[in-house]
Asks: 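Have a look at this one before I ask anything.
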Amino acid sequence: MSGTNSRIQRRGSRRNANINMTNLMDVMMVLLVVFMVAAPLMTSGIALDLPKVGGGTLNGKETSLNISVDKDGLYYIGQSVIEPDTVIDKIKAIKGENKDISITISGDTASQYGSVIGLMAILKEAGFSKVGLKTEAKRNQK
């Protein structure tokens with residue numbers, strides 16, 4: 001009898017070591033589709049008609065903070081409206097420990113010149129030296 005008990009124990013102790021990959025592949029495919037659909041929607045900012053000028057893109061290692069000025073002269077960081085007297089406080093909070101941050105101003109072509117220059121003056125008074133203006137490349141006309 002002891003011989004049959006040892007055979008039964010050996011047979012019962014064997015386990016199936018196969019991994020079912022079908023469920024894993026289904027989950028990964030759903031995640032891939034979700035991220036592919038969500039990625040274009042993650043661009044933050046407002047729709048602006050940027051000025052078109054010649055030239056190429058600037059390449060730099062530092063990070064950049066974009067402030068938008070719409071045609072009504074309102075300031076935006078991302079999609080939230082920022083009051084002119086709180087712009088500096090918001091930028092300093094975002095800047096944190098990053099001393100190499102540069103600020104880019106995106107001004108709509110229909111915005112008033114004074115709104116963009118006023119923002120540049122506010123930033124200069126606060127001591128921000130790396131301030132640029134964002135434009136789009138002009139299309140070559142033949």
Asks: Does any non-hydrogen side-chain atom of D108 lie less than 4.5 Å from one of V69?
Replies: no
Asks: Do the side chains of Y76 and I82 get nearer than 4.5 Å, heavy atoms only?
Replies: no
Asks: Under the criterion side chain to side chain contact (heavy atoms under 4.5 Å, CB included), I'd like the reasoning laid out for M28 against L32: C-alpha separation, chi angles, the key distance, then a yes or no.
Replies: CA-CA 6 Å; M28 294 305 292; L32 178 67; over 6 Å; no
Asks: For a quick test of reading the model, state the closest non-hydrogen atom pair linking I67 to I77 and the distance between them.
Replies: CG1-CG1, 4.2 Å
Asks: With the 4.5 Å side-chain cut-off for hydrophobic clustering, are Y113 and L123 part of the same group?
Replies: yes
Asks: For a 4.5 angstrom cut-off between non-hydrogen side-chain atoms, does N20 reach N23?
Replies: yes
Asks: Atom CD in Q112, atom CD1 in I117: separation rounded to 0.5 Å?
Replies: 12.5 Å
Asks: When you compare the side chains of T104 and N66, does any donor N or O come within less than 3.5 Å of an acceptor on the partner?
Replies: no
Asks: State plainly whether one hydrophobic cluster holds both M29 and M36, where clusters connect Ile, Leu, Val, Met, Phe, Trp and Tyr through side-chain heavy atoms under 4.5 angstrom apart.
Replies: yes
Asks: How long is the span from the CG atom in L119 to the NZ atom in K124, to the nearest 0.5 Å?
Replies: 14.0 Å
Asks: Indicate yes or no: at least one non-hydrogen side-chain atom of I88 is less than 4.5 angstrom from one of K92.
Replies: yes
Asks: Check whether D72 reaches the backbone of L74 with its side chain - one donor and one acceptor, N or O, closer than 3.5 Å.
Replies: no
Asks: Start with the C-alpha gap between Y75 and V81, add the side-chain angles, then the distance that decides, and say whether side chain to side chain contact (heavy atoms under 4.5 Å, CB included) holds.
Replies: CA-CA 6 Å; Y75 301 145; V81 178; over 6 Å; no
Asks: Provide the closest heavy-atom pair for S115 versus G73 in the form atom of the first, atom of the second, distance.
Replies: OG-CA, 3.5 Å
Asks: Measure across D70 and S111 and return the closest heavy-atom pair with its distance rounded to 0.1 Å.
Replies: O-CB, 3.2 Å
Asks: Do I105 and M120 have side chains that get closer than 4.5 Å, going by heavy atoms?
Replies: yes
